[in-house]
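Just below is one structure, and these are the notes that go with it.
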Number of protein chains: 2
Amino acid sequence: MKEGTPRTIVSRRNRPAKAALSRDVIVAKALEVLERDGFSGFNLRRVAAALDTGPASLYVYLENLDELQALMLDSALAAVNLPKGQDLEWRSELKAFLLSYFRVLYERPGVAQIALSTIPTGPNSLRILELLLGLLAEGGVENAKAAWGADLLLLYVTAIAAEQSNWRAQKMVFERVKAALDNASKEEFPLIAAHHDTLISGGHDRADWALEVIINGMLFGGKQP
Amino acid sequence: MKEGTPRTIVSRRNRPAKAALSRDVIVAKALEVLERDGFSGFNLRRVAAALDTGPASLYVYLENLDELQALMLDSALAAVNLPKGQDLEWRSELKAFLLSYFRVLYERPGVAQIALSTIPTGPNSLRILELLLGLLAEGGVENAKAAWGADLLLLYVTAIAAEQSNWRAQKMVFERVKAALDNASKEEFPLIAAHHDTLISGGHDRADWALEVIINGMLFGGKQP
DNA sequence: ACCTGAACACCGTTCAAGT
DNA sequence: ACCTGAACACCGTTCAAGT
């Protein structure tokens, strides 16, 4: 949660309307702007405008736009449901954990796209990675492979969330892909034609299936069954 | 480098030096610029400059920058080694195929990053998808899951190629990640500390292992083994 | 038809000057 | 210390005018 500098209760009178700037205030407002305008409509100047100031003001608190996006991502990841205890078996906990991670990225337009171009190193990201390593170890994933496995799971969930939220956000993109598959020669690409509907289907089931695939694959340690 | 106004040696006769523009010429030159300047240094104006013209000229042949990037990606994918025949077993062919796909994206700085933000619908992309569906069918992957599986494989290979080529291209990024892991509290994140070296290791072995994991997982149809 | 100079509407970032 | 107007050095894209 982190509480920044405690509310300084400057209170009414003077002009309390203009909230004092701080990293936390900027990050929170930036996430609002991202949610409202989407990834393609997001930029520093709009964040500044939403804060009723000029873009130059933000550089007192931020190194650059990259740092802001990293802070936004970590802040958004606070919403991920962490595995609570030992109630469930490790496998169910792992899946629920990752699906929550998927949902957080998928449901907020733009956050998934930021995640794709930002390697997260904030406290919430570290907590997620640590818990993931623990669950894999509990599941008996070979020690040396647990690190690669955790990375594989996060990378894939991030990528599919970005792809699918992008399709939802930009219906034009989806229509173009669909049209390209429709127009593909059915003689030259018979399998694409046969799998047409499945290829462009998406949503929750697909992410769920993919997680099963990766988890099962890891349990065999990357060797042939 | 940039050489200001080019020495105007208009040379022999008319001025045949200035190669006639075309989509192919633009795409080829754009890939050169991408290779030379990297993804972050790539833009339309530099492509135009490399073609010795102004940016407006390109709009005779291109809808916009997105279309150029889609064409660049498909052009780069021509270098992927397609599975030749029935010499090898399907599994070896599948892995060699995907590793070639990985290498093409990984070895060209920037191409992998373009691939992440561009859904490929060009002829080379379609050919790759078609062949992939065929190999999975040959391997006995359940019909309805082959489409999702092909997409899963391509998505993951693309994502890991983009991540790793980005680390190589921007050592600063890598150093920052390494520093973040180093500085993480060893009491709060003991597993991250224990897996430190493996987490930041990369390269070929990692992609190879990940492919084994996904292929093995798919053979179980996403059900518990 | 193709090409292009010039302009438009933006960006992120810096800097000098204010408080 | 914080804030800000103004400017800088870019972008992608459009448009009118040329050939």
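The chains referred to below are lettered A, B, ... by the order of the sequence lines, with proteins before strands, and numbering in each begins at 1.
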Rounded distance in Å - [atom1] ([X]) to [atom2] ([N]):
X     : N      : atom1 : atom2 : result
B:F42 : D:dC11 : CZ    : P     : 12 Å
A:L21 : D:dA1  : CG    : C1'   : 13 Å
B:R45 : C:dA6  : CZ    : P     : 13 Å
B:R23 : C:dC2  : CZ    : P     : 12 Å
B:N64 : C:dA9  : CG    : P     : 20 Å
B:N43 : C:dG12 : CG    : P     : 16 Å
A:L58 : D:dC3  : CG    : P     : 10 Å

Test your reading of the model: is there a side-chain donor-acceptor pair from [X] to the backbone of [Y], 3.5 Å cut-off?
X     : Y      : value
A:E35 : A:R108 : no
B:R46 : B:G41  : yes
B:D74 : B:P120 : no

Next on the checklist: For D:dT4 and A:T53 - does any side-chain N or O of the residue sit under 4.0 Å from the phosphate oxygens OP1/OP2?
Outcome noted: yes
May I ask you to decide whether [X] forms a salt bridge with [Y], counting only side-chain N to carboxylate O separations under 4.0 Å?
X      : Y      : result
A:E175 : A:K178 : no
A:R176 : B:E67  : no
B:E130 : B:R127 : no

Can you identify which nucleotide, out of [options], has its nearest atom closest to the [X] side chain?
X     : options               : answer
B:L44 : D:dT13, C:dT4, D:dT4  : D:dT13
A:V60 : C:dC11, D:dG12, D:dC3 : D:dC3
B:Y61 : D:dG12, C:dC3, C:dG12 : C:dC3
A:L65 : C:dG12, D:dT13, D:dT4 : C:dG12

A:A79 and A:S100 have their tightest heavy-atom pair at O-OG, 4.5 Å
In terms of heavy-atom contacts, B:R206 and B:L199 come closest through NH1-O, 3.3 Å
Under a 4.0 Å heavy-atom criterion, the protein footprint on nucleotides 14-19 of chain D, written with B, S and -, is BB----
Those residues at least two apart in sequence (or on a different chain) that pass ring pair (Phe, Tyr, Trp, His ring centres under 6.0 Å) with B:F174 are B:W167
Sequence neighbours excluded, the answer for ring pair (Phe, Tyr, Trp, His ring centres under 6.0 Å) partners of A:F102 is A:Y106
What I'd like to find out is whether the side chain of A:L71 reaches to under 4.5 Å of the side chain of A:L62, using heavy atoms alone.
yes
Quick note, ring-ring contact (aromatic ring centres under 6.0 Å, His included) partners involving residues 48-82 of chain B, not counting sequence neighbours, are none
Taking Watson-Crick and G-U wobble contacts under 3.5 angstrom, with | marking pairs to another strand and [ ] crossing pairs, the secondary structure of DNA chain D is written ||.|||||...|||||.||
What residues 32-39 of chain A contributes to the DNA chain D interface at heavy-atom separation below 4.0 Å is none
